[in-house]
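Step one of this worksheet: look at the structure below.
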Amino acid sequence: MQLNQFVSNTEFPPVPEAASWIAGRRFSEDKPLIDVSQAVPGYATASAILDHMATVLKERPTSAYGPVLGLPELREAYASTLANSSCNSVTAENIAITAGCNQAFYVAIASLCEPGDEVILPSPWYFNHKMSLDMLSVKAVPFPCLADDQLLPDDERAAALISKKTKAIVLISPNNPTGQIYPPATINSFYELCKSNGIALIIDETYRDFRDQPEAPPHRIFDDPDWPATAIHLYSFSKAYALAGYRVGALAASVAMNHQVTKVLDCVSICAAQISQRAALYGLQHVAAWKEEKRQLMYSRAESFQQAMADGNHGYEITALGPYFAYLRHPHEGIPARVVARQLATSANLLALPGEMFGPGQENFLRFAFANVDSDLMKTIAARLSDHLPGTSQ
């Protein structure tokens with residue numbers, strides 16, 4: 001049989017590819033594997049959430065289908081975390097609950113774009129965004145974010161890429177893969193750019209709970225009562241509540257768009273798992289102190305990583321650093337990052353992702369996702385980078 005060419009031509013998922021580099025290997029106790037390839041919390045779900053899940057697991061509604069757009073009480077509770085209280089700009093009707101943020105992005109693109117449309121993606125980009133566009137036959141237009149600009153997107157350069165086929169610009173803040181937190185002014189300027197051009201701003205804030213000033217608004221999009229005409233907001237409960245495997249995310253958009261989203265969700269999942277939604281709801285309502293503790297833990301890990309890398313003997317340069325990620329320029333001129341990453345995996349027992357997985361022009365970079373690595377291992381990471389030189393016979 002002939003398979004779908006758009007799926008066949010889509011790159012293979014990067015995390016499984018990286019895992020294949022170490023498949024079947026056994027690691028010694030004196031040099032265990034340090035895996036910084038995937039952004040996943042290294043701690044367990046809050047015990048209060050687990051206890052709650054154990055209780056509701058026995059209830060009949062937990063194993064039944066739920067509303068396609070999600071539990072009404074979760075939609076309402078989540079909307080209240082986004083809304084500007086002075087104008088009640090986000091309501092439950094704006095919210096769709098999805099099986100993770102990846103699904104939120106996929107159903108948003110499927111509802112917004114037709115084959116041949118264009119979406120502007122800042123590069124380095126999140127690889128699953130690019131893969132989703134490719135599978136849906138939507139052209140990803142690379143928009144380079146330069147290391148000299150701290151990997152921040154520039155709205156003037158983005159404006160030059162807008163064409164008659166452009167349907168959206170995508171932003172991720174805090175960013176994956178760089179960890180960079182975009183200033184509110186940057187996000188606001190992109191919102192105005194999209195609004196003035198009649199295109200969508202898709203903003204993925206999966207890591208919004210890990211900002212350095214979580215009490216301050218990350219932007220002013222929801223201050224505008226007319227935000228649904230321009231903005232599509234994406235979120236994941238996976239990181240803040242350590243629910244990655246439970247797959248629960250959210251999409252905020254216009255009521256008209258969510259009518260279309262309902263059609264897509266009904267085909268791909270019918271609804272997000274009820275147990276996952278109940279876990280997310282309980283997390284929103286009851287574990288604020290636990291969540292803040294984990295936010296501080298992530299920052300301590302980022303600080304420990306920065307301190308461990310400070311001596312520079314390894315030659316790697318931190319070009320951006322956030323609570324989950326570090327984006328490093330490797331020192332091995334002329335050697336593609338994919339080769340560097342594979343050799344680090346095989347010789348240093350250090351598994352990171354190469355820049356090529358995050359878009360064009362990234363051959364000199366590696367992404368380190370250290371959220372699952374204890375602070376006391378950061379010096380070991382730096383030492384392994386110093387002791388193992390890709391491109392040599394080591």
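Heavy-atom basis, side chains included; hydrogens, waters and symmetry copies ignored.
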Ring-plane angle category for H330 and H332, please: parallel below 30°, perpendicular beyond 60°, tilted otherwise. parallel

On a heavy-atom basis, the closest approach of I49 and A279 is CG2-CB, 3.9 Å

Applying side-chain contact (heavy atoms from CB on, under 4.5 Å) to D30 and not counting sequence neighbours gives S28

Is it the case that the side chain of R384 and the backbone of A348 share a donor-acceptor pair, with hydrogens and angles ignored and the cut-off at 3.5 Å? yes

Closest contact, heavy atoms only, P323 versus M298: O-CB, 3.5 Å

Surrounding NZ of K31 (heavy atoms of other residues, nucleotides or ligands, distance under 6.0 Å), is the total greater than 12? yes

Closer than 3.5 angstrom, by distance alone: can the side chain of T81 be matched with the main-chain N or O of A77 as a donor-acceptor pair? no

Say whether, by atom type as modelled, one donor and one acceptor occur between the side chain of T45 and the main chain of A242 under 3.5 angstrom. yes

Flag side-chain contact, heavy atom, 4.5 Å: Y191 against I203: no

Side-chain (R157) to main-chain (P144) donor-acceptor, under 3.5 angstrom: yes

List the atom of T98, the atom of G100, and the distance in Å for their closest heavy-atom pair. OG1-O, 2.8 Å

Rounding to 0.5 Å, atoms CZ (R278) and CD (E59) come to a distance of 5.0 Å

Count the heavy atoms of every other residue, nucleotide or ligand shown that sit under 6.0 Å from OH of Y246, and state whether that count exceeds 12. no

Could you see if V119 belongs to whatever hydrophobic cluster contains V261? Use Ile, Leu, Val, Met, Phe, Trp, Tyr and a side-chain cutoff under 4.5 Å. yes

If hydrophobic clusters are built from ILVMFWY residues whose side chains come within less than 4.5 Å, do Y324 and L297 share one? yes

By salt bridge (Lys or Arg N to Asp or Glu O under 4.0 Å) - contacts of K291 (at least two apart): D209

Applying side-chain contact (heavy atoms from CB on, under 4.5 Å) to Q285 and not counting sequence neighbours gives L281

Apply the test side chain to side chain contact (heavy atoms under 4.5 Å, CB included) to residues D117 and L112: give CA-CA distance (whole Å), side-chain angles for both, the deciding distance (0.1 Å), then the verdict. CA-CA 10 Å; D117 284 342; L112 178 70; over 6 Å; no

Greater than 12 external heavy atoms within 6.0 Å of E215's CD: yes

Does I202 reach the side chain of I109, with side-chain heavy atoms less than 4.5 Å apart? yes

Under the 6.0 Å and 45° cation-pi test, does K294 pair with Y43? yes

Step through the shown structure and confirm whether more than 12 heavy atoms of other residues, nucleotides or ligands are within 6.0 Å of CD on E76. no

Answer whether the closest heavy-atom distance between the side chains of Q103 and L265 falls below 4.5 Å. yes

Could you pull out all residues at least two apart from K263 that satisfy side chain to side chain donor-acceptor pair (under 3.5 Å)? Q260

Is the shortest heavy-atom distance from the side chain of L350 to the side chain of I381 under 4.5 Å? yes

Cluster overlap I172 with L321, hydrophobic side-chain contacts below 4.5 Å: no

When rounded to the nearest 0.5 angstrom, what distance separates CZ in F127 from OG in S132? 11.0 Å

Between E11 and K130, is there a salt bridge with N-O shorter than 4.0 Å? no

Should we say atom CD of Q296 is surrounded by more than 12 heavy atoms from elsewhere, each under 6.0 Å from it? yes

Atom CD in E17, atom CZ in F12: separation rounded to 0.5 Å? 8.0 Å

Same cluster or not: V40 versus F237, using hydrophobic residues (I, L, V, M, F, W, Y) connected whenever any side-chain heavy atoms lie under 4.5 Å apart? no

Is the F105 to Y126 ring centre distance short of 6.0 Å? no

Indicate yes or no: at least one non-hydrogen side-chain atom of T206 is less than 4.5 angstrom from one of S238. no

Separation between CD1 of I187 and OG of S173, rounded to the nearest 0.5 Å: 4.0 Å

Please determine whether the number of non-hydrogen atoms from other residues, nucleotides or ligands lying under 6.0 Å from atom NZ of K139 exceeds 12. no

Donor-acceptor contacts, no H, no angles, side chain residues 250-259, under 3.5 Å, sequence neighbours left out:
unit_1 : atom_1 : unit_2 : atom_2 : d
S254   : OG     : M257   : N      : 3.0
N258   : ND2    : E93    : O      : 3.3
N258   : ND2    : N94    : O      : 2.9

Which class fits the ring pair Y78 and H233: parallel under 30°, tilted 30 to 60°, perpendicular over 60°? tilted

Please find the pair of heavy atoms, one from A158 and one from L193, that lie closest to each other, and give the distance. CB-CD2, 4.2 Å

Under 3.5 Å: donor-acceptor pair, side chain of T10, backbone of F6: yes

Which value, rounded to the nearest 0.5 Å, describes the distance between H219 atom NE2 and T186 atom OG1? 12.0 Å

Show the nearest heavy-atom pair for residues I181 and D212, with the distance to one decimal. CD1-N, 4.0 Å

For residues 359-375, tabulate all N or O donor-acceptor pairs below 3.5 Å that involve a side-chain atom, not counting sequence neighbours.
unit_1 : atom_1 : unit_2 : atom_2 : d
Q362   : OE1    : Y327   : OH     : 2.7
Q362   : NE2    : P360   : O      : 3.3
R367   : NH1    : N176   : OD1    : 2.7
R367   : NH2    : S37    : O      : 2.7
N372   : ND2    : D35    : O      : 3.4
D374   : OD1    : R301   : NH2    : 3.0
S375   : OG     : S304   : OG     : 3.3

Heavy-atom closest contact (W21 atom, P354 atom, distance): CH2-CD, 3.8 Å

Can you hop from L344 to M309 via hydrophobic side chains spaced under 4.5 Å? yes

Pair E118 + K165: basic N to acidic O under 4.0 Å: no

Could you tell me whether the side chain of I162 reaches within less than 4.5 Å of the side chain of I199, counting heavy atoms only? yes

Look at the side chain of T230 and the backbone N and O of W227, then say whether any donor-acceptor pair between them is shorter than 3.5 Å. no

D204 side chain near C101 side chain, heavy-atom distance below 4.5 Å: yes

May I ask you to check whether Y182 and F190 place their ring centers less than 6.0 Å from one another? no

Is the shortest side-chain heavy-atom distance between D224 and E192 below 4.5 Å? no

Quick check: does any side chain N or O of Q180 sit under 3.5 Å from a backbone N or O of L151, one acting as donor and the other as acceptor? no

If you count the non-hydrogen atoms of other residues, nucleotides and ligands that lie under 6.0 Å from CD in E114, is the total more than 12? no

For a side chain to side chain contact (heavy atoms under 4.5 Å, CB included) check, start with the C-alpha distance between H129 and L133, then their side-chain angles and the critical distance, and finish with the verdict. CA-CA 6 Å; H129 286 174; L133 295 174; 5.6 Å; no

Atom CZ of F305 and atom CG of L377: how far apart are they, to the nearest 0.5 Å? 12.0 Å

Determine, stepwise, if the pair L136 / Y106 fulfils side chain to side chain contact (heavy atoms under 4.5 Å, CB included). CA-CA 9 Å; L136 291 168; Y106 191 92; 3.4 Å; yes

